[in-house]
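Predicted model only: the values in this text are computed from it and were never measured.
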Amino acid sequence: MEGSPGFSTRALKLNETLVDPSRVSFAAEHKTLKLKLMNEKNYSLSKFLAFMDDVTTWALVLADPARARAGKSVHLSAKWGPARRLVTQNDLELTATVTKIGRNLGFCKAQVRTVSSSSSSSNDNNKNALVCFGSHIKYMPMGFATDVLCSSAGWRFAQWYSDTVLNDPEVVIDADEDLFQSFHYTDSVATFTATKAHASLGGPIHGGCQALLMEMAAIEKLQHDYEMDSMSIQYLGAPSKRDIRIIADDPICNTSSS
């Protein structure tokens with residue numbers, strides 16, 4: 001129902017992953033979703049967190065089919081594991097598991113591990129190594145109308161509306177496009193203008209996109225003298241505007257955005 005391709009499509013390229021059914025699986029009995037990630041060389045901790053944002057949301061929807069709510073992020077966190085140096089050497093798989101889901105809150109954990117990309121013994125030795133791990137807490141109610149449309153009772157109407165009233169968005173992606181060209185940092189303050197390419201469904205900016213911006217601000221603040229070890233983000237409310245301002249503080253580079 002998105003009017004235009006958002007951050008999940010433009011930056012994370014999750015649509016390219018989903019067109020291949022062999023890359024995604026869901027075990028209902030364990031409430032666990034597995035996704036083989038596309039091969040990339042520029043994975044950062046915040047980008048893994050952005051993937052966790054989306055994939056844990058899918059797991060929550062599938063684990064509660066009667067209500068199938070996507071919810072709203074309250075807290076996201078991610079931390080590098082012992083195999084962080086193997087990111088560029090192996091294929092990767094993201095596993096999202098729902099640990100609890102209730103009327104108001106949903107809880108997920110996630111981890112990224114290596115999977116063997118060839119039959120060579122060197123890669124086999126690195127198989128199933130922990131690259132990073134994280135967690136996601138979501139506030140599940142999304143408003144009466146949305147909750148009804150997402151439920152098993154209202155889904156047929158939502159599907160009919162999507163098929164007959166809405167048009168498929170035109171997917172135009174420039175491989176050389178710099179989605180972060182408006183990012184500007186000076187004197188511990190970063191500014192950024194969000195567009196439709198940075199959006200999530202129903203919001204001006206994707207939560208994972210905010211994470212990438214925070215890591216970019218932290219790197220600028222620390223002048224590359226440190227490496228990111230972990231991230232922990234609290235979402236106090238949905239952004240109401242597209243002009244983002246990020247403040248990077250000392251001593252461990254806490255960042256806040258508005």
For H206 and F7, take the angle between the two ring planes, folded into 0 to 90°, and tell me which bin it lands in: parallel under 30, tilted 30 to 60, perpendicular over 60.
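Aromatic pair H206/F7 classed tilted.
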Pair L213-F180, side chain to side chain contact (heavy atoms under 4.5 Å, CB included): steps then yes or no:
CA-CA 9 Å; L213 292 170; F180 297 96; 3.7 Å; yes
Are [X] and [Y] packed together at the side-chain level, in the sense that at least one heavy-atom pair is separated by less than 4.5 angstrom?
{"X": "Q111", "Y": "L94", "answer": "no"}
{"X": "F51", "Y": "D53", "answer": "no"}
{"X": "F48", "Y": "V87", "answer": "yes"}

Side chain to side chain contact (heavy atoms under 4.5 Å, CB included), that's the test. Do F107 and L60 meet it? Break it down for me.
CA-CA 8 Å; F107 300 83; L60 284 165; over 6 Å; no
Does [X] use its side chain to pair, donor to acceptor, with the backbone of [Y] at less than 3.5 Å?
{"X": "R67", "Y": "D147", "value": "no"}
{"X": "Y235", "Y": "G207", "value": "yes"}
{"X": "K138", "Y": "A70", "value": "yes"}
{"X": "W80", "Y": "V131", "value": "no"}
{"X": "E215", "Y": "S46", "value": "yes"}
{"X": "R69", "Y": "S151", "value": "no"}

Can [X] and [Y] be counted as having a side-chain donor-acceptor contact under 3.5 angstrom?
{"X": "K127", "Y": "T114", "value": "no"}
{"X": "T56", "Y": "H136", "value": "yes"}
{"X": "T97", "Y": "H30", "value": "no"}

Using ring centroids (six-membered ring only for Trp), state whether H198 and F192 fall under 6.0 Å.
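Ring centroids of F192 and H198 are less than 6.0 Å from each other.
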Shortest non-hydrogen contact between [X] and [Y], atoms and distance:
{"X": "K47", "Y": "A11", "value": "NZ-O, 3.9 Å"}
{"X": "R113", "Y": "N128", "value": "NH1-O, 2.7 Å"}
{"X": "L86", "Y": "A129", "value": "CD1-CB, 4.0 Å"}

For K79, is there an ion pair with D229 - N to carboxylate O distance below 4.0 angstrom?
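Between K79 and D229 there is a salt bridge, with a charged N closer than 4.0 Å to a carboxylate O.
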Under the criterion side chain to side chain contact (heavy atoms under 4.5 Å, CB included), I'd like the reasoning laid out for S232 against H75: C-alpha separation, chi angles, the key distance, then a yes or no.
CA-CA 7 Å; S232 181; H75 182 264; 2.8 Å; yes
Name the one of N15, T57, D54 that satisfies side chain to side chain donor-acceptor pair (under 3.5 Å) with S8?
D54
